[in-house]
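Worksheet for the structure shown next.
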Number of protein chains: 2
Amino acid sequence: MVDNCAMDRIDLHIVRELQNDGRLSNQELAQRVGLSPSPCLRRVRQLEQDGVIQGYRAIIDPEAVGRGFEVLVSVEVRRDRETVEAFEEALQDVPDVIEAYRLFGSPGCLLRIAVADLAAYERLWIERLTTLTGVTEVNSQIIMKRIKEPKGMPVDVRGA
Amino acid sequence: MVDNCAMDRIDLHIVRELQNDGRLSNQELAQRVGLSPSPCLRRVRQLEQDGVIQGYRAIIDPEAVGRGFEVLVSVEVRRDRETVEAFEEALQDVPDVIEAYRLFGSPGCLLRIAVADLAAYERLWIERLTTLTGVTEVNSQIIMKRIKEPKGMPVDVRGA
DNA sequence: GCTGATTTCGCAATCGCCTTGCGCACCTCC
DNA sequence: GGAGGTGCGCAAGGCGATTGCGAAATCAGC
């Protein structure tokens, strides 16, 4: 996690390739970045240890696991430290909340929620969202379409 | 991609484990879901082919690749088909836009953007966001804190 | 500019895992 | 009760991961 920012262009290239396909074999990866397998693997291990690569994840079709209905929820919370901290802590225990951000300005907080369908969302809304303490306003917006599939951060490799 | 929804609890378990750690060895995975390696691998391949597992990705620290500054941008676009389609198409060519949703109601569109710092965002805003055709309103909100790290979809495995 | 120290590479060998073909068990439908 | 189909476990072959070591490159200091 220490910011050992000695990332040269090969490291960036490795990061980019692994972000595109986290299951690349070390051999294939080495070939793509122009290295032999052993130093390539050593670099990957170093990147993992430095926290640059935080993990690997399979990308799942939300529909297939019964979470094809997505909602963006703006939440306003009373702005004192206790309330905010309790609210954010409580969010951790709601698995349907996929993403959550605290913002400057208004709304103070934005959630992305994924559930099975409208009925499931109604249940979540009435049972878990409106009951959170300190919440003064909840505004739900159904997602019509995902315009851009999340593909991770773009990584600029100078000269590659 | 065809909805071969014969996902039993073992498949759900596989999906959950691979979402947690996309680089699990097949042996380890098989052991966790209570199978021997060969049928386990066959199931994984099937899930990939059915589009349930859409891919694998390394999770990268945004800071490490110079994208530690994140902004949520509400965009309003003129609501005719031509404009909307052109706008959404144009978004694909802006790599700094990490996520994009089209919403019901207002705002009509929400973007998540990741750049290096405020200066980089100012440049992006003036050069690429305000110049998009049909855009009638752009409202930027800087993200103070990521409350919940994206960990993918929760997968309920009945009885596991 | 040369030299020593350090870093990083490539090679080779070992080990372990992936992968596939096959036989067996179970389940279903006649 | 028998026949077909589905899905499992076993075993073997091939291939990739992993590590130790020597060589090359890079860098600092003089």
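Convention: sequence-line order gives letters A, B, ...; per-chain numbering from 1.
Using a cutoff of 4.0 Å between basic side-chain nitrogens and carboxylate oxygens, Arg43(A) and Asp50(A) are not scored as salt-bridged. Between Arg79(B) and Glu76(B) there is a salt bridge, since a side-chain N of the basic residue sits under 4.0 Å from a carboxylate O of the acidic one.
A sub-4.0 Å separation between OP1 or OP2 of dT18(D) and a side-chain N or O of Arg42(A) is absent. For the OP1/OP2 pair of dC9(C) and a distance below 4.0 Å, the side-chain nitrogens and oxygens of Arg43(A) include at least one atom meeting the criterion.
One finds the CG atom of Asp96(B) at 10.5 Å from the CE atom of Met153(A) (value rounded to the nearest 0.5 Å). Rounding to the nearest 0.5 Å places CG of Asp21(A) at 7.0 Å from CZ of Arg32(A). The distance from atom CG of Leu124(B) to atom CG of Leu129(B), rounded to the nearest 0.5 Å, is 4.5 Å. Between Leu110(A) atom CG and Ile143(B) atom CD1 the span is 8.5 Å, to the nearest 0.5 Å.
Shown for residues 24-36 of chain A: residues whose heavy atoms fall under 4.0 angstrom of DNA chain C, namely Leu35(A), Ser36(A).
Remark: the backbone N or O of Asp117(B) is not paired with any side-chain donor or acceptor of Glu122(B) at under 3.5 angstrom.
Applying the side-chain hydrogen bond (donor to acceptor under 3.5 Å, both in side chains) test to pairs two or more places apart or on separate chains, those with a residue in residues 126-141 of chain B are Tyr121(B)-Ser140(B).
Between Arg23(B) and Ile10(B), the one whose closest nucleotide on DNA chain D sits nearer the 5' end is Ile10(B).
The CG-C1' distance, from Leu41(B) to dT20(C), rounds to 10 Å in whole Å. Distance Arg45(B) CZ to dG7(D) P: 18 Å, rounded to the nearest Å.
Between dC10(D), dC9(C), dT18(D), one nucleotide has an atom nearer to the side chain of Ser38(B) than all others, and that is dC10(D).
Direction of the helix axis in the helix from dG1(C)-dC30(D) to dC30(C)-dG1(D) shifts by 40° between the two five-pair termini, rounded to 10°.
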